[in-house]
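Okay, structure first, notes after.
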Amino acid sequence: MRGAQLSMNHKQHATSRFSLRNHFNPLVLFKKKSAETLPTFYVGKWNFTDEFSGKVHMLEIDATLNVLIDGRKLPGKITKLDDKELTFIDKYGYHLRLDATEKHPVSLFDEADNRVYPVIKING
């Protein structure tokens, strides 16, 4: 008897016309931003200082969103880009995150060092 009730409930549920597609659009999750809406204020050059060595380094993000430190392109890819942060993952799996406030980059977090560096925009 119990099996028949379960089978009946399953048939009723299967014919109830409920569809997850009616309540959820997975394509929205993968919707890409158009080039016009991507934050371009990350493109530029910034200095940051390693307080242990005292060495000043230069972070550059070019127009094609390549990430360079001291003129050397870092192999990896950008995994997040919005008005608050640009996140880059390098070939070793470590993250670099450039944080922004009011559309101005303010700091660089380097996961490999577990350190945050204030960044200063280089004009030019």
Side-chain angles (χ1 to χ4, degrees):
M1 178 74 170
R2 186 174 180 112
Q5 286 177 332
L6 288 174
S7 179
M8 181 68 139
N9 287 340
H10 177 70
K11 286 180 185 176
Q12 287 173 343
H13 181 68
T15 60
S16 67
R17 300 270 182 201
F18 175 82
S19 173
L20 189 57
R21 290 181 199 173
N22 294 336
H23 300 283
F24 175 71
N25 183 358
L27 295 177
V28 171
L29 295 175
F30 302 104
K31 190 175 180 181
K32 291 188 176 184
K33 292 184 177 185
S34 67
E36 299 86 41
T37 62
L38 289 176
T40 58
F41 56 86
Y42 291 109
V43 175
K45 296 178 183 180
W46 293 267
N47 282 335
F48 65 96
T49 304
D50 181 339
E51 52 194 47
F52 292 132
S53 69
K55 182 170 177 165
V56 176
H57 297 279
M58 183 180 67
L59 168 69
E60 178 180 358
I61 300 180
D62 68 18
T64 58
L65 298 179
N66 290 310
V67 177
L68 299 91
I69 293 186
D70 297 333
R72 301 175 99 175
K73 182 180 173 192
L74 300 179
K77 64 181 180 180
I78 292 176
T79 58
K80 183 175 182 181
L81 180 63
D82 62 25
D83 287 346
K84 296 185 193 268
E85 69 184 61
L86 177 151
T87 304
F88 176 86
I89 187 166
D90 69 15
K91 68 179 184 178
Y92 302 107
Y94 289 105
H95 292 88
L96 284 176
R97 187 184 69 230
L98 188 58
D99 295 311
T101 302
E102 297 178 5
K103 299 189 179 191
H104 297 288
V106 294
S107 65
L108 175 68
F109 169 70
D110 185 350
E111 182 182 31
D113 298 341
N114 195 30
R115 294 178 50 207
V116 176
Y117 303 94
V119 295
I120 300 168
K121 176 86 172 163
I122 300 171
N123 293 327

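Side chains are part of it too, since the values below use all heavy atoms of this structure and drop only hydrogens, waters and symmetry mates.
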Give the table of side-chain donor-acceptor pairs shorter than 3.5 Å for residues 62-71, with sequence neighbours excluded, one pair per line with atom names and distance.
unit_1 : atom_1 : unit_2 : atom_2 : d
Asp62  : OD1    : Thr64  : N      : 3.0
Asp62  : OD1    : Thr64  : OG1    : 2.9
Asp62  : OD1    : Leu65  : N      : 3.1
Asp62  : OD1    : Asn66  : N      : 2.8
Asp62  : OD2    : Asn66  : ND2    : 3.1
Thr64  : OG1    : Asn66  : ND2    : 2.9
Asn66  : OD1    : Lys73  : NZ     : 3.4
Asp70  : OD1    : Met58  : N      : 2.8
Asp70  : OD2    : His57  : ND1    : 2.6

- Query: Is it the case that more than 12 heavy atoms not belonging to Lys77 sit under 6.0 Å from its NZ atom?
  - Reply: no
- Query: Rounded to the nearest 0.5 Å, how far does CD1 of Ile89 lie from CD1 of Ile78?
  - Reply: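 So the CD1 of Ile78 and the CD1 of Ile89 are separated by 12.5 Å.
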- How long is the span from the CD1 atom in Ile61 to the OH atom in Tyr42, to the nearest 0.5 Å? 8.5 Å
- salt bridge (Lys or Arg N to Asp or Glu O under 4.0 Å): which pairs involve residues 101-120, sequence neighbours left out?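 Pairs touching residues 101-120 that pass the test: Asp50-Arg115.
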- Message: Looking at every heavy atom in both Pro118 and Phe48, which two are closest together, and how far apart are they?
- Response: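 Pro118 and Phe48 have their closest heavy atoms at O-CB, 3.5 Å.
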- Among the clusters formed by ILVMFWY side chains lying less than 4.5 Å apart, do Leu81 and Leu98 turn up in the same one?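 Leu81 clusters together with Leu98.
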- Check the hydrophobic clustering (I, L, V, M, F, W, Y; side-chain heavy atoms under 4.5 Å; chains of links allowed) and say if Tyr117 and Ile120 are grouped together. no
- Query: Linking Ile, Leu, Val, Met, Phe, Trp and Tyr through side-chain heavy atoms less than 4.5 Å apart, which residues share a cluster with Phe109?
  - Reply: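 ILVMFWY cluster around Phe109 also holds Val116.
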- Partners of Lys80 by salt bridge (Lys or Arg N to Asp or Glu O under 4.0 Å), sequence neighbours excluded? Asp82, Glu85
- With sequence neighbours left out, the residues meeting side chain to side chain contact (heavy atoms under 4.5 Å, CB included) with Val56 are Asn47, Thr49
- Item | Test item: Leu108 and Val119 side chains (from C-beta on) under 4.5 Å apart, heavy atoms | yes
- Message: Give me each pair satisfying ring-ring contact (aromatic ring centres under 6.0 Å, His included) with a member in residues 72-102, each pair once, sequence neighbours excluded.
- Response: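 Matches after skipping sequence neighbours: none remain.
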- Give the C-alpha distance, both sets of side-chain angles, the deciding distance and a yes or no for side chain to side chain contact (heavy atoms under 4.5 Å, CB included) between Leu59 and Leu96. CA-CA 11 Å; Leu59 168 69; Leu96 284 176; 5.5 Å; no
